[in-house]
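Numbering of residues begins at 1 and proceeds along the displayed sequence. As the structure lists them, so they are numbered: ligands from 1, and atoms in each ligand from 1.
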Amino acid sequence: MYRLEVHDTGQTLTRAAAEHVVRIAEGAVTRSGRFTIALAGGSTPKALYTLLGSPEYLPVIDWGRSHVFWGDERTVPPEHQDSNYHMAKLALLSFTSLPVDHIHRMRGEIDPQKAADEYEQKLRKFFVGRGQVEDDNDHLYPRFDLVLLGMGDDGHTASLFPNSAALGETERWVVANEVEKLKTWRITLTARAINAAAHVIFLVTGAQKAERLQEVLEGESKPEELPAQMIQPLHGDLLWLVDRAAAAKLTRK
Ligand code: 6PG
């Protein structure tokens, strides 16, 4: 199941998203003394990071007790314009009081398989004994307090692209994923890892997403073609934050 919030514009959606992040962060710090968040790439999430990095929101989140991770990364260096880390750093991270060792980036600049293995070990080291979820096959997964996701107009999320190998991964938390249509490799959390989170929030705006969003939320289940359908948190809540333009074809609003 999921919750759906339809907001008039991308701007009002971004503000609502910021309020949800603040609420979840406060709850996590109160409960466990820290807040773990996995960031997405893309223009919609970027608008949220910019607002969170503004003087209005910057003091509201206890960044000193937060740990920032990524849901996926491109195979480029950290200062490259396509880097999800670079985008988040410019929009948000450089304004926060985040200790350097609380910023856990995926190393897009090295061999993707090595980067995926390295990140998996980093996550296992961080989350072992500090928040994990066991699935029905006794596999352990990381329990992020919040995973932010965008959705592409092809129904991908993170770097889980339609008909890509990562969709079939049932044990690993992080994989290198070949994206044929983009002729590139990505590093991405697997759906199982994302589904272990306490909260997952999708951020979707724009008329160009309307048809796909209707298929993902209301159409038949075909996760190989619509990987966003794979996101069904095991013991967490799923919230779709969409603007009116992206929601235009939904029958349930
Ligand atoms: C990436 C993202 C990707 C993104 C969607 C939506 O690395 O590109 O993680 O999953 O979130 O493509 O991006 P937009 O919001 O820009 O449409």
Fill in: Considering all heavy atoms, the nearest Ser159-Thr188 contact
N-OG1, 3.1 Å
Worksheet entry | Validation row, ring centre Phe144 to ring centre Phe127 under 6.0 Å | yes
Item to complete: Starting from atom 13 (O) of ligand 1, locate the nearest protein heavy atom and write down its residue, its atom name and how far away it is, to 0.1 Å.
Response: Gly42 CA, 3.6 Å
Item to complete: Establish, yes or no, whether the cationic atom of Arg105 lies under 6.0 Å from the six-membered ring centre of Trp70 and within 45° of the ring axis.
Response: no
Worksheet entry | Centroid-centroid distance, His80 to His86, less than 6.0 Å | no
Worksheet item: So is Arg186 close enough to ligand 1, meaning a heavy atom under 4.0 angstrom away?
Response: yes
Item to complete: Give the cluster check for Leu146 versus Val22: same hydrophobic cluster or not, with ILVMFWY residues linked at side-chain heavy-atom distances below 4.5 Å.
Response: yes
Practice prompt. Compute the shortest N/O to N/O distance between Ala40 and ligand 1 and return yes if it is under 3.5 Å, no if not.
Written response: no
Item to complete: Could you find the nearest protein heavy atom to atom 9 (O) of ligand 1 and give me its residue, atom name and distance?
Response: Asp72 OD1, 2.8 Å
Practice prompt. Evaluate the criterion salt bridge (Lys or Arg N to Asp or Glu O under 4.0 Å) for residue pair Glu109 and Arg74; output intermediate values, then yes/no.
Written response: CA-CA 9 Å; Glu109 66 273 28; Arg74 287 81 180 282; over 6 Å; no
Worksheet item: Could a heavy atom of Lys209 be found less than 4.0 Å from some atom of ligand 1?
Response: yes
Item to complete: For ligand 1, indicate whether the residue His156 contacts it via side chain, backbone, both or neither (heavy-atom separation under 4.0 Å).
Response: side chain
Item to complete: Any atoms of ligand 1 less than 4.0 Å from a non-hydrogen atom of Gly150? List them with their elements.
Response: 11 (O)
Discussion item. Tell me whether Asn84 has any N or O atom under 3.5 angstrom from an N or O of ligand 1.
Written reply: yes
Fill in: Options Ala158, Gly10, Ala228, Gly41, ranked by nearest heavy atom to atom 11 (O) of ligand 1, top entry
Gly41
Discussion item. Give me the nearest non-hydrogen protein atom to atom 15 (O) of ligand 1 as residue plus atom name, then the distance to 0.1 Å.
Written reply: Thr44 OG1, 2.7 Å
Worksheet item: Salt bridge check: are Arg212 and Glu215 linked by an N-O gap of less than 4.0 Å?
Response: yes
Discussion item. Using a 3.5 Å cut-off on N or O atoms only, is Arg74 in polar contact with ligand 1?
Written reply: yes
Response to the item:
Quick note on ligand 1: atoms under 4.0 Å from a heavy atom of Ser43 include exactly 14 (P), 15 (O), 16 (O)
Item to complete: Quick one: sort the Phe126 and Phe69 rings into parallel, tilted or perpendicular, breaks at 30° and 60°.
Response: perpendicular
Worksheet item: Can you name the residues that form a side-chain hydrogen bond (donor to acceptor under 3.5 Å, both in side chains) with Arg65, not counting sequence neighbours?
Response: none
Worksheet item: For ligand 1, which atoms sit closer than 4.0 Å to a heavy atom of Pro45?
Response: 15 (O)
